> 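Just passing along the structure, written as structure tokens.
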Amino acid sequence: MEEKTIQIAGSITVDELSKALGLSVTELIGTLFKNGIVATINQRLDYETASIIIDELGLKNVKLERKNTSTKTSDFRRELSDKAVTRPPVVAVMGHVDHGKTTLLDTLLNKKTVEGEAGGITQHISAYQLKHDDRLITFLDTPGHEAFAAIRQHGAMLTDIVVIVVAADDGVKPQTVEAINFAKSANAKIIVAINKIDREGADIPRTMADLSQHGLQPEEWGGDIVMVPISAKKNQNLEKLLDMILLTADIEELKADVDIPAEGLVIESHMETGKGSVVNLLVTGGELKTGEFIVAGSTYGKVRTMLDWKGKPKGKATPSTPVTITGFKELPNFGDRFIEVKDEKTARKMALLNAQNIANESASANVTSSDLLRMMNVADNSKTFNVIIKGDVLGSVTSVVDSLKMIDTKGEITLNIVSTGVGDINENDVYMAAGGNTVVYGFNVSVPINISKMAARDGVPIRTYRVIYELLDDAKHEMENLLDAEIIEEDKGEMKVLGVFRTEKTSIIAGGEVLKGDAKPGFLARIVRNKEFLGEAEVTSVQKEKIDVKELTAGETGGLALKTVSKIDLQIGDRLKFFIRESKKRTL
């Protein structure tokens with residue numbers, strides 16, 4: 001089998017690694033989950049972690065290489081199969097606010113949609129397709145550079161080609177430079193449309209010179225950037241611009257697999273009365289069909305309806321195709337990657353895992369190799385306690401090791417003796433313990449001052465004892481700290497929702513009748529609709545007849561203020577099942 005080389009510059013997202021390995025995102029996330037890491041598709045993994053995961057997957061034909069961090073990290077695309085088919089290019093049009101980007105898009109759209117299609121353009125369209133020489137081109141309307149940056153932040157390789165619009169009478173402006181930088185960071189091919197050539201004061205050579213100062217050398221001057229002089233307003237030279245887009249696409253040999261689970265990106269989402277969540281997607285792989293279950297971030301849904309960019313019903317969408325769908329339980333975020341899964345159970349589970357992870361991590365959180373080593377299972381589902389033992393004589397070391405092995409951890413903790421030795425704790429002991437969540441124990445030995453300082457700097461705990469039982473007590477305490485706390489839940493009551501007065505991103509004001517038990521501030525509540533779990537909330541206040549009270553009991557009606565992690569669409573008839581949750585420290 002041919003060896004595959006993957007270059008990693010600093011870190012790589014789960015999504016990028018799955019594409020580089022030719023695996024589904026769900027399979028890679030599943031492997032991480034089995035090893036103790038709840039990861040989203042946008043979680044970043046460092047080089048060492050990627051190496052460990054590849055070993056876990058048993059991929060012998062994959063070789064990792066470190067890539068200089070100054071190079072682009074966006075080259076990680078799915079390894080295409082020999083069944084991959086040619087797909088339309090995805091083109092983003094960017095430029096300074098007054099340089100004619102919108103005019104260019106409108107002219108192209110109207111030009112290619114003469115026969116009864118213009119009437120369908122009644123609102124802003126994020127993405128659309130037009131035909132040129134019987135070939136499709138997908139255009140993306142990027143509403144400002146901030147939006148494009150948000151997509152990049154989510155690790156999404158959205159565009160193949162960026163058309164940068166520059167006014168011939170105004171030259172390069174700050175937003176033009178931003179567009180150039182974004183295009184380069186996205187590893188997209190760049191085509192420059194020098195617009196407004198019909199205007200007085202238009203200076204094409206000067207505009208080219210300005211662009212060359214920012215790293216874009218025109219082909220006419222021996223560079224590699226295609227620059228097409230156009231007038232978007234007068235529909236001048238637009239055919240040539242489209243020709244250049246298709247030529248660039250041919251050179252890039254843009255392809256995608258269709259015989260894989262559908263995947264792509266959320267490019268717009270909003271709520272509509274009578275439809276619920278309306279989401280614009282761009283399919284990047286596979287074939288999206290109505291009736292399929294998809295997950296995007298912390299939400300999921302079944303594709304109920306699918307429309308093309310003109311608003312016409314569509315049964316399936318192939319790579320590079322923009323579609324508008326309904327069916328998501330909640331609105332996914334702009335820039336989220338969506339993936340198709342086999343059934344609703346899988347979709348719900350993955351969305352819940354993503355929600356938990358999003359709630360507990362910052363956008364820039366990375367998983368490092370030390371995190372992975374700490375969380376990975378060594379034998380079964382046990383956790384690992386790493387120790388280095390130093391003693392005054394070999395007999396002492398043997399006694400300490402044997403005694404540690406006799407501590408009964410009920411199979412939940414694995415004792416890992418990193419190393420043992422005779423003599424004082426030294427520099428090598430600290431090196432071995434650094435970054436590995438390891439405790440260095442010394443029995444009847446000393447710790448030189450310079451070694452203590454070194455250990456303090458590297459965060460390595462060193463503990464010395466002269467009584468073996470004190471050492472064992474400390475080790476037992478450390479092992480207990482590794483045990484997962486026991487979560488105890490106690491049901492407290494249930495309420496039927498009779499009214500919803502306000503719903504915000506993280507709060508709900510509602511009223512209802514307590515069916516059993518009671519409702520108090522501080523209680524947690526599971527929100528259930530027809531046996532379907534919608535989310536969890538905390539009761540922050542309780543009112544009866546608009547007066548704050550300590551509790552509502554069975555048979556009473558009143559109002560509640562609820563705090564949520566994300567927006568929940570509470571409805572009349574839903575049930576609030578109250579409970580309390582406590583964490584209890586476990587002992588060996």
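Not measured: the values here are computed from a predicted model.
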> Residues two or more places apart in sequence or in another chain: which of them pass side chain to side chain contact (heavy atoms under 4.5 Å, CB included) with Asn181?
Val177
> Working to the nearest 0.5 angstrom, can you tell me the gap between Leu57 CG and Leu21 CG?
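So the gap between those two atoms works out to 7.0 Å.
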> Is any side-chain heavy atom of Leu17 closer than 4.5 Å to one of Leu23?
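Not touching, per the 4.5 Å side-chain cut-off.
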> On a heavy-atom basis, which atom in Val266 and which in Ala296 lie closest, and how many Å separate them?
CG2-CB, 4.2 Å
> For atom CZ of Arg206, decide whether the heavy atoms of other residues, nucleotides or ligands shown that lie under 6.0 angstrom number more than 12.
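Yes - once you tally the heavy atoms of other residues, nucleotides and ligands closer than 6.0 Å, there are more than 12.
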> Would you sort out whether Val565 and Glu536 count as a side chain to side chain contact (heavy atoms under 4.5 Å, CB included), showing the intermediate values?
CA-CA 8 Å; Val565 174; Glu536 196 171 288; over 6 Å; no
> Minimum heavy-atom separation for Thr290 to Thr305, with atom names?
CG2-C, 4.4 Å
> Supply the atom-to-atom distance Leu534 CG to Glu330 CD, rounded to the nearest 0.5 angstrom.
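Atom-to-atom, Leu534:CG and Glu330:CD are 8.5 Å apart.
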> Test of understanding: with side chain to side chain contact (heavy atoms under 4.5 Å, CB included), list the residues that count as partners of Leu254, not counting sequence neighbours.
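Checked Leu254 against side chain to side chain contact (heavy atoms under 4.5 Å, CB included); matches are Arg87, Pro89, Asp160, Ala249, Glu252.
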> What are the two closest heavy atoms between Pro332 and Val279, and how far apart are they?
CD-CG2, 3.7 Å
> With side chains defined as the heavy atoms from C-beta onward, is the minimum distance between Leu130 and Leu109 less than 4.5 Å?
no
> Please say which of Val500, Thr564, Ile509 ends up in a side chain to side chain contact (heavy atoms under 4.5 Å, CB included) with Leu570.
Val500
> Using every non-hydrogen atom in the two residues, find where Ala434 and Asp458 come nearest and quote the distance to one decimal.
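Nearest heavy atoms, Ala434 then Asp458: CB-CB, 4.4 Å.
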> Walk me through whether Arg135 and Thr86 qualify under side chain to side chain contact (heavy atoms under 4.5 Å, CB included).
CA-CA 11 Å; Arg135 293 173 60 184; Thr86 301; 5.6 Å; no
> If I take atom CG from residue Asn195 and atom CG from residue Asp170, how far apart are they, to the nearest 0.5 angstrom?
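Those atoms lie 11.5 Å apart.
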> Holding to side chain to side chain contact (heavy atoms under 4.5 Å, CB included), I want the full list of residues that pass it with Lys329, two or more places apart in sequence or in another chain.
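By the side chain to side chain contact (heavy atoms under 4.5 Å, CB included) rule, Lys329 matches Thr299, Tyr300, Glu344, Glu532.
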> Does Glu263 offer a backbone N or O that forms a donor-acceptor pair with the side chain of Thr284 under 3.5 Å?
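Answer holds: yes.
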> Is the backbone of Lys233 close enough, under 3.5 Å, to the side chain of Thr103 for a donor and an acceptor to pair up by distance?
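Not at all, since once roles are kept as given, no pair shorter than 3.5 Å links the two residues.
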> Using the salt bridge (charged side-chain N to carboxylate O under 4.0 Å, His left out) criterion, which residues pair with Glu538? Sequence neighbours excluded.
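For Glu538 there are no salt bridge (charged side-chain N to carboxylate O under 4.0 Å, His left out) partners, ignoring immediate neighbours.
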> Please table the atom pairs, donor to acceptor, closer than 3.5 Å between any side-chain atom in residues 209-228 and protein atoms at least two apart or in another chain.
unit_1, atom_1, unit_2, atom_2, d
Ser212, OG, Ala209, O, 2.6
His214, ND1, Asp210, O, 3.1

> Can you tell me which residue pairs pass the salt bridge (charged side-chain N to carboxylate O under 4.0 Å, His left out) test with a partner in residues 279-288, sequence neighbours excluded?
Glu287-Lys316
> Hey, are Lys255 and Glu253 close enough for a salt bridge, meaning a charged N less than 4.0 Å from a carboxylate O?
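No, Lys255 and Glu253 are not salt-bridged.
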> Check whether any side-chain heavy atom of Leu140 sits under 4.5 Å from a side-chain heavy atom of Ile267, and report yes or no.
yes
> Please evaluate residues Ser81 and Asp257 with respect to the criterion side-chain hydrogen bond (donor to acceptor under 3.5 Å, both in side chains), reporting the C-alpha separation (whole Å), side-chain torsions for both, the decisive distance (0.1 Å), and the verdict.
CA-CA 7 Å; Ser81 72; Asp257 277 306; 2.5 Å; yes
> Is a donor on one side and an acceptor on the other found under 3.5 Å between the side chain of Thr159 and the backbone of Val162?
no
> Can you classify the ring geometry of Tyr128 versus Phe139 as parallel (below 30°), tilted (30 to 60°) or perpendicular (above 60°)?
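Tyr128 and Phe139: parallel rings.
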> Could you walk me through whether Thr176 and Ile164 pass side chain to side chain contact (heavy atoms under 4.5 Å, CB included), step by step?
CA-CA 7 Å; Thr176 315; Ile164 297 176; 4.1 Å; yes
> Would you compute the distance between atom OG1 of Thr138 and atom CD of Gln129 and round it to the nearest 0.5 angstrom?
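Taking OG1 in Thr138 and CD in Gln129, the distance rounds to 3.5 Å.
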> As a test of understanding, state which of Leu265, Ile294, Val303, Thr321 forms a side chain to side chain contact (heavy atoms under 4.5 Å, CB included) with Leu281.
Ile294
> Quick check for you: to the nearest 0.5 Å, what is the distance between Trp309 atom CH2 and Lys314 atom NZ?
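Nearest 0.5 Å value for the CH2-NZ distance: 11.5 Å.
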> Ser320 and Pro88: which non-hydrogen atoms are nearest, and at how many Å?
OG-O, 2.7 Å
> Looking only at atom types and distance, does a side-chain atom of Gln236 sit under 3.5 Å from a main-chain N or O of Ser231, one as donor and one as acceptor?
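No: the side chain of Gln236 does not pair with the backbone of Ser231.
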> Any side-chain heavy atom of Leu288 within less than 4.5 Å of one from Phe338?
yes
> With a 4.5 Å heavy-atom cut-off, do Ile339 and Met350 have their side chains touching?
yes
> With side chains defined as the heavy atoms from C-beta onward, is the minimum distance between Asp133 and Asp243 less than 4.5 Å?
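The answer is yes; the side chains approach within 4.5 Å.
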> Once rounded to the nearest 0.5 Å, what's the spacing between atom CD1 of Ile191 and atom CG of Leu241?
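So the CD1 of Ile191 and the CG of Leu241 are separated by 6.5 Å.
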> Looking at every heavy atom in both Pro229 and Ile204, which two are closest together, and how far apart are they?
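Between these two residues, the closest heavy atoms are CB-CD1, 3.8 Å.
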> Counting only heavy atoms not in Asp250, do more than 12 sit closer than 6.0 Å to its CG atom?
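Counting other residues, nucleotides and ligands, CG of Asp250 exceeds 12 neighbours.
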> Let's go through Leu246 and Ile137 carefully: what are the C-alpha distance in whole Å and the side-chain angles of both, what is the deciding distance for side chain to side chain contact (heavy atoms under 4.5 Å, CB included) to 0.1 Å, and is it a yes or a no?
CA-CA 8 Å; Leu246 290 178; Ile137 302 173; 3.7 Å; yes
